[in-house]
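Report on the structure given below.
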Amino acid sequence: MFQHVEPFAGDPILSLNEDFQKDPRAGKINLSIGIYFDDAGRIPVLDSVRRAEAIVAANVGPKPYLPIEGAANFRSAVQGLLFGADHEAIAAGRVATLQTVGSSGGLKVGADFIARYFPGSQVWVSDPTWDNHRSMFEGAGLTVNTYPYYDADTGGLKFDAMLSTLRGLPAKSIVLLHACCHNPTGVDLTRAQWDALIPVLRERELIAYLDLAYQGFGDGIEADAYAVRALASAGVSFFIANSFSKSMSVYGERCGALSVVCPDAAQAVNVLGQMKFTVRRNYSSPPIHGGQIVATVLTDPELRREWEAELGAMRERILAMRKKLYAVLKAKVPGRDFEYFLTQRGMFSYTGLSAAQVDTLREQHALYMVRSGRICVAGLNSSNVEATAVAIAAVL
């Protein structure tokens with residue numbers, strides 16, 4: 001019956017992580033998977049999350065199906081986090097928000113919605129982008145293209161080329177943008193560049209689709225929401241999928257959301273209704289537990305302050321690892337510019353290493369990273385950062 005089904009090659013990043021687990025060598029280093037680890041190399045359990053979960057558990061009761069769109073307190077808290085509690089778009093009822101199965105679930109629901117209501121539109125993603133972006137949109141039957149983004153020569157952004165490409169796209173084209181902490185490069189638009197981009201999106205009638213999986217890991221919770229709030233204030237209609245996996249260290253709880261900013265409340269009602277229909281045909285409704293942990297953290301003033309402090313400490317630890325990696329590499333390879341490690345932001349950086357160099361690092365130094373040369377900076381710690389820099393210097 002199933003002889004025609006070909007084997008699954010495996011997800012490149014998850015397969016690499018599996019190989020790392022099997023590696024018997026002492027001192028092996030894993031910079032492949034996008035997970036935040038603390039300085040002891042462990043996935044942290046945030047105190048704010050632990051306390052919120054205790055509150056949720058103390059109020060345990062019947063477990064009915066949630067509404068298709070998710071829990072009202074979760075959805076309201078997400079809107080406040082993304083847009084600010086007093087933003088005009090929320091007050092006007094222009095934002096349609098779903099609780100989703102992680103931000104990946106939100107991205108896929110949005111892709112299915114776009115395939116139905118904008119069937120002639122094509123999707124444009126940054127070159128490079130997170131590999132699964134392409135898979136999810138192509139899986140919805142959409143054609144995926146790329147726009148210029150990363151400049152390998154400078155470790156920065158090809159902003160002029162990016163703008164030029166977007167200016168030439170047909171109206172209603174879907175443009176996937178990373179709101180902050182670009183995955184995989186760590187290269188972000190500045191506020192001035194966002195301010196230059198937004199009029200192009202509006203005038204060309206392009207539909208922005210923002211991915212915000214790392215809010216708080218760039219410059220802070222409020223600062224990392226700049227693009228979201230600027231787009232909404234400019235009257236642009238757009239999608240945004242966001243996640244709490246990293247920022248609250250609740251990966252397996254699959255806590256995410258999809259919001260769509262619409263021109264008016266009437267359109268938002270219709271959009272929410274059809275997104276609910278999209279969910280109903282897929283997973284029917286989201287789970288209760290993780291969403292209530294997130295909602296409790298976001299709405300309890302004391303827990304919110306504690307979470308923001310913990311997230312700030314995570315951000316500062318990543319920055320410290322960037323500085324240490326830069327310092328050792330600069331000392332080991334004098335004359336080579338490693339400044340990009342300091343200007344790139346968030347959990348990821350492009351090292352500029354070739355696939356062959358990455359293979360050598362894995363085979364000879366037990367240092368695991370994606371073959372594009374991307375590293376998860378959050379996998380570095382005070383015990384392995386110098387060894388990482390020394391290994392990288394050895395293959396340059």
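All of these numbers come straight from a predicted model, not from anything done at the bench.
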message: Checking His87 against Ser233: is there a side-chain donor and acceptor pair closer than 3.5 Å?
response: yes
message: Surrounding CD of Gln122 (heavy atoms of other residues, nucleotides or ligands, distance under 6.0 Å), is the total greater than 12?
response: yes
- request: Using distance alone, with no hydrogens and no angle criterion, decide if Tyr368 and Asp23 have a side-chain donor and acceptor under 3.5 Å apart.
  value: yes
task: To the nearest 0.5 angstrom, please state how far the CG atom of Asp337 sits from the CG atom of Asp153.
output: 11.5 Å
- prompt: Does Gln357 reach the main-chain N or O of Ser354 with its side chain, forming a donor-acceptor pair under 3.5 Å?
  reply: yes
query: Could you state the interatomic distance from CD1 (Ile13) to CG (Asn132), rounded to the nearest 0.5 Å?
result: 9.0 Å
- prompt: Is Arg167 salt-bridged to Glu203, going by a charged N under 4.0 Å from an acidic O?
  reply: no
query: When rounded to the nearest 0.5 angstrom, what is the spacing between NZ in Lys323 and CD1 in Ile318?
result: 13.0 Å
query: Which pair of heavy atoms, one from Leu329 and one from Ala393, lies closest together, and at what distance?
result: CD2-N, 4.0 Å
Side-chain donor or acceptor of Thr360 paired with backbone N/O of Ala356 under 3.5 Å: yes
- request: Could you verify whether a donor N or O on one side chain and an acceptor N or O on the other, from Gln292 and Asn73, lie under 3.5 Å apart?
  value: yes
statement: Looking only at heavy atoms, the pair that brings Thr97 and Ala257 closest together is CG2-CB, 4.4 Å
field: Same apolar cluster: Trp194 and Met162, side chain cutoff 4.5 Å
entry: yes
- prompt: With the 4.5 Å side-chain cut-off for hydrophobic clustering, are Phe238 and Leu272 part of the same group?
  reply: no
query: Can you tell me if Thr351 uses its side chain to pair, donor with acceptor, with the backbone of Arg374 under 3.5 Å?
result: no
field: Any donor-acceptor N/O pair, Gln274 side chain to Phe113 backbone, under 3.5 Å
entry: no
query: Can you check whether Arg50 reaches Leu46 side chain to side chain, under 4.5 Å on heavy atoms?
result: no
query: Is the shortest side-chain N to carboxylate O distance from Lys158 to Asp151 below 4.0 Å?
result: no
- request: Could you walk me through whether Arg254 and Ser245 pass side-chain contact (heavy atoms from CB on, under 4.5 Å), step by step?
  value: CA-CA 7 Å; Arg254 308 310 295 133; Ser245 293; 3.5 Å; yes
field: Candidate pair Lys172 and Ser121, rule side-chain contact (heavy atoms from CB on, under 4.5 Å), full reasoning
entry: CA-CA 6 Å; Lys172 304 299 189 295; Ser121 295; 3.6 Å; yes
query: When rounded to the nearest 0.5 angstrom, what distance separates CZ in Arg94 from SG in Cys262?
result: 8.5 Å
- prompt: Does one hydrophobic cluster hold both Ile293 and Tyr251, with members joined at side-chain heavy-atom distances below 4.5 Å?
  reply: yes
message: Could you measure the distance from the CG atom of Asp127 to the OG1 atom of Thr146? Nearest 0.5 Å is fine.
response: 4.5 Å
query: For atom CZ of Arg25, is the number of surrounding heavy atoms from other residues, nucleotides or ligands below 6.0 Å larger than 12?
result: yes
- request: Report the residues that fulfil side-chain contact (heavy atoms from CB on, under 4.5 Å) with Thr190, sequence neighbours left out, ordered by chain and then residue number.
  value: Ala192, Gln193
Aromatic centroids of Tyr214 and Phe348 separated by under 6.0 Å: yes
- prompt: Ignoring hydrogens and geometry, is there a side-chain-to-backbone donor-acceptor pair from Asn30 to Phe20 under 3.5 Å?
  reply: no
task: Please indicate whether Arg116 has more than 12 foreign heavy atoms, meaning atoms of other residues, nucleotides or ligands, lying under 6.0 Å from its CZ.
output: yes
message: Tell me the closest heavy-atom pair linking Ile55 and Thr296, and the distance in Å.
response: CD1-CG2, 4.2 Å
Residue pairs, two or more places apart or on separate chains, that pass ring-ring contact (aromatic ring centres under 6.0 Å, His included) and touch residues 136-175: Phe137-Tyr209, Tyr149-His182, Tyr150-Tyr350
- prompt: Should Val271 and Phe277 be regarded as members of a common hydrophobic cluster, given that ILVMFWY residues are connected when their side-chain heavy atoms come within less than 4.5 Å of each other, either directly or indirectly?
  reply: no
query: How far apart are the closest heavy atoms of Ile392 and Leu367, and which atoms are they?
result: CG1-CD2, 4.2 Å
Lys/Arg N to Asp/Glu carboxylate O, Asp195 vs Arg191, below 4.0 Å: no
field: N-O pairing of Lys22 and Glu18 below 4.0 Å
entry: no
statement: Here the pair of heavy atoms bringing Leu166 nearest to Leu197 is CD1-CD1, 3.5 Å
query: What do you reckon, is NZ of Lys28 surrounded by more than 12 foreign heavy atoms closer than 6.0 Å?
result: yes
side-chain hydrogen bond (donor to acceptor under 3.5 Å, both in side chains) partner of His178, the single match among Asp188, Asp211, Thr129: Thr129
- prompt: How far does CG of Leu201 sit from CG of Leu231, to the nearest 0.5 angstrom?
  reply: 6.5 Å
message: What I want to find out is whether Asp359 reaches Arg371 closely enough, with some N-O distance under 4.0 Å, to be called a salt bridge.
response: yes
- prompt: Does Arg322 make a cation-pi contact with Tyr326 (under 6.0 Å, within 45 degrees of the axis)?
  reply: no
query: Is the shortest distance from a Lys or Arg side-chain nitrogen in Asp38 or Arg317 to a carboxylate oxygen in the other one below 4.0 Å?
result: no
- request: Establish whether Ile90 and Ile240 are linked, either directly or via other cluster members, by ILVMFWY side-chain heavy-atom contacts under 4.5 Å.
  value: yes
